[in-house]
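Notes follow the structure.
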Amino acid sequence: MTLTKSFVLSILVCAALFLSTYSTAQQTNIKTANKEQPNSSQTSYEKYVNDKMDAHLKEFKELVAIPSISSIPSNKPDVQKAGEWIVKKLQSIGISGAKLIPTEGNPVVYGSWDKAPGKPTVLIYAHYDVQPVKESEWDNPPFTPLVKEGKIFGRGASDDKSGVMIAIWAVEAMLQKDGKLPVNVKFIFEGNEEVGSPYFKSFLEKNKELLKADFAVTGDDVQYTEDVPAITLSTRGSAQLEFTIKTANTDAHSGEFGGKTPNSAVIMSQIISSLYDKAGNVAVDGFYDKVIPVTAQQKEMIKKIPYDAATDMKMLGTTAEVGDTTFSPLERVWFRPTLEIIGLESGYTAAEGHSNIIPGKAMARITCRLVNNQDGPEIIDLIVKHINKNCPAGASVTYKFSPGYARPMNYPSDTKAFSYVSDALSKIYGKEPMQLGTGGSGGAILSIKEVLGLYAYSFGFLLPDEKWHASNEFFRVSSIKKGQEVYFYYLQHLADEESKLQNKQN
């Protein structure tokens, strides 16, 4: 029998439709078969988190209400009080040996759960000290925490008391639901991070055996967005300096003495101006001498980041970007050094009134963010020499040096420690984490690597718009739950993977 072309075509179409439908069904079945079934423990933890949210928010407000400002000596008792509060919280969840360990500055909170023999130990770092405040600039008192529109407002709510509490709450949930942890855990919460961690390395060296661990994570870091996780792979270092220009023992009447008397505010302005060239680069001799050029790998890292200048400018209320246009904005922030004036004071600065004076004193504070081979004390020495050179006759200069210097640091992305963190973030967010650099500094993290030999990878849940170090700082309530979910998966995943490796070796 002879078949017509149309008949053959009809058969082919039907066959194609059948195969397409069959293939789709098979793919669906495969996906369904491969899809992970809900982890009963994970579900149980999440229920606990939801049930305890109100109680945890109340606790969080108690901690945020303590003005643990490490850079102001009169707040030292408050830093101590915050540390004691955290110790009591750890003890209440079953970390019976939790305690404060003294340092030359504020104490470190230490606690451990070590009832998983043969299992790895994870060290969790965060800090409980906070930045100073200008209360007049806050919509709500900074140490009277307020929960509004899904956000917790208060100094330290984001940076970094959230990092402290999310880790504690996650361990609390696992202990409450399982009575145990899949790994051993050690907590170290620092009280001097916001002044550069000047005593942390010494603390680690004195307690090296106590702090021995196999892995480390830091709760003092960021998400890229609410929906996209991130792991920080490079940090800049930091160095601080305060200096005062004195031209007279007292402020002078601007009419009686103006025209012949040195003005400290003017001289300070001239010195600050001399620190920069017309392009905005630092004009201090030797400042860039040890800076290594941005590498091809770092440039490739930046290309993967969807940077939008308008987003940052809108968030800050700025109208332009500045800096050496030889480098892209993210190159400048992540891999180039800076010298920033972070505070100025001279003359009459009250909110109201006008005092006709010639200021006898002027003060400025400087922070430098440093990269690769730059050394903090060396950079500060170069700046001091520059200031001395540019201080004119009729003025004297005095200096106040900070005890804390943080060095730059880079993290590898080819370690199993990195992969465990990356896997956990990918699991909970449904997306692989962005690999970021940061313009910020982490002296404690570098010390953990140097003394304990561990890279502390990111487990932070801060977001860039949460106004860390600024007025009206806040933290999103939704991040509290998400952060704990990441910890649940990470601790169990690490335990499972390390067990597999151990079995292979045996």
Side-chain angles (χ1 to χ4, degrees), residues 215-218 220-238 279-282 287-316 320-338 368-374 406-443 445-446 448-450 454-465 486 490:
F215 300 91
V217 293
T218 173
D220 184 21
D221 217 322
V222 301
Q223 310 171 73
Y224 185 71
T225 68
E226 286 188 82
D227 302 315
V228 180
I231 298 180
T232 298
L233 294 182
S234 72
T235 64
R236 291 195 290 192
S238 69
N281 291 311
V282 179
F287 186 82
Y288 295 104
D289 284 359
K290 293 187 177 180
V291 176
I292 298 172
V294 181
T295 67
Q297 183 180 5
Q298 289 168 338
K299 289 179 181 289
E300 284 300 312
M301 181 176 165
I302 286 174
K303 285 181 182 178
K304 297 176 182 178
I305 305 301
Y307 175 75
D308 177 32
T311 299
D312 280 358
M313 287 193 287
K314 181 179 179 181
M315 180 174 65
L316 297 174
E321 284 194 330
V322 299
D324 187 348
T325 55
T326 306
F327 304 93
S328 71
L330 288 183
E331 284 179 311
R332 299 200 292 272
V333 172
W334 292 357
F335 304 121
R336 295 288 294 171
T338 63
C368 295
R369 299 292 182 171
L370 309 177
V371 297
N372 40 60
N373 285 337
Q374 289 182 307
R407 294 211 305 281
M409 182 174 174
N410 292 307
Y411 300 72
S413 59
D414 59 353
T415 65
K416 62 180 181 179
F418 171 87
S419 69
Y420 295 156
V421 172
S422 179
D423 290 347
L425 291 169
S426 299
K427 168 68 177 178
I428 301 305
Y429 286 80
K431 300 181 180 108
E432 289 189 6
M434 289 280 192
Q435 296 182 18
L436 305 179
T438 176
S441 307
I445 306 307
L446 179 63
I448 290 172
K449 179 63 179 70
E450 290 179 336
L454 302 171
Y455 287 105
Y457 287 99
S458 305
F459 249 19
F461 303 95
L462 286 62
L463 282 164
D465 67 344
V486 174
Y490 168 74

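Of the inter-residue distances, the one linking S413 atom OG with M301 atom CE reads 8.5 Å to the nearest 0.5 angstrom. Once rounded to the nearest 0.5 Å, the distance linking CG of L330 with CZ of R336 reads 14.5 Å. Here the CZ-CG distance, from F461 to D220, works out to 12.5 Å after rounding to the nearest 0.5 Å. Interatomic distance, CG of D465 versus OG1 of T225, reported as 10.5 Å (0.5 Å rounding).
Residues I445 and T235 form no side-chain contact, since every pair of their non-hydrogen atoms from C-beta on lies 4.5 Å or further apart. Side-chain contact between N372 and P408 is absent, with no heavy atoms from C-beta onward closer than 4.5 Å. Here the side chains of L233 and F418 are in contact, with some heavy-atom distance below 4.5 Å. Looking at K427 and Y490, their side chains never come closer than 4.5 Å, going by heavy atoms from C-beta outward. Between I302 and Y307 the shortest side-chain heavy-atom distance does not fall below 4.5 Å.
When each of L425, V217, V421 is tested with V486 by the rule side chain to side chain contact (heavy atoms under 4.5 Å, CB included), just one qualifies, namely L425.
Between the side chain of T438 and the backbone N or O of G440 there is at least one donor-acceptor pair closer than 3.5 Å. For the pair S441 (side chain) and G237 (backbone), a donor-acceptor distance under 3.5 Å is present. A distance-only check finds no donor-acceptor pair linking the side chain of T232 to the backbone of S458 [under 3.5 Å]. Side chain of R236 to backbone of W334: no donor-acceptor contact under 3.5 angstrom is found. A distance-only check finds no donor-acceptor pair linking the side chain of S422 to the backbone of S419 [under 3.5 Å].
Annotation: side-chain contact (heavy atoms from CB on, under 4.5 Å) contacts of T311 (sequence neighbours excluded): D308. Partners of F287 under the ring pair (Phe, Tyr, Trp, His ring centres under 6.0 Å) rule, at least two apart in sequence or in another chain, do not exist in this structure. In this structure D324 satisfies the salt bridge (Lys or Arg N to Asp or Glu O under 4.0 Å) test with no other residue, sequence neighbours excluded. Applying the ring pair (Phe, Tyr, Trp, His ring centres under 6.0 Å) criterion to F215, with sequence neighbours excluded, gives Y420. Qualifying side chain to side chain donor-acceptor pair (under 3.5 Å) partners for S328, counting only residues two or more places apart in sequence or in other chains: E331.
Within a 6.0 Å radius of CZ in R332, other residues, nucleotides and ligands contribute more than 12 heavy atoms.
Ring centroid separation for the pair Y411 and Y457 comes in under the 6.0 Å cut-off.
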Review item, side-chain donor-acceptor pairs of residues 429-436, under 3.5 Å, at least two apart:
{"residue": "Y429", "atom": "OH", "partner": "Q223", "partner atom": "OE1", "Å": "2.7"}
{"residue": "K431", "atom": "NZ", "partner": "D227", "partner atom": "O", "Å": "3.4"}

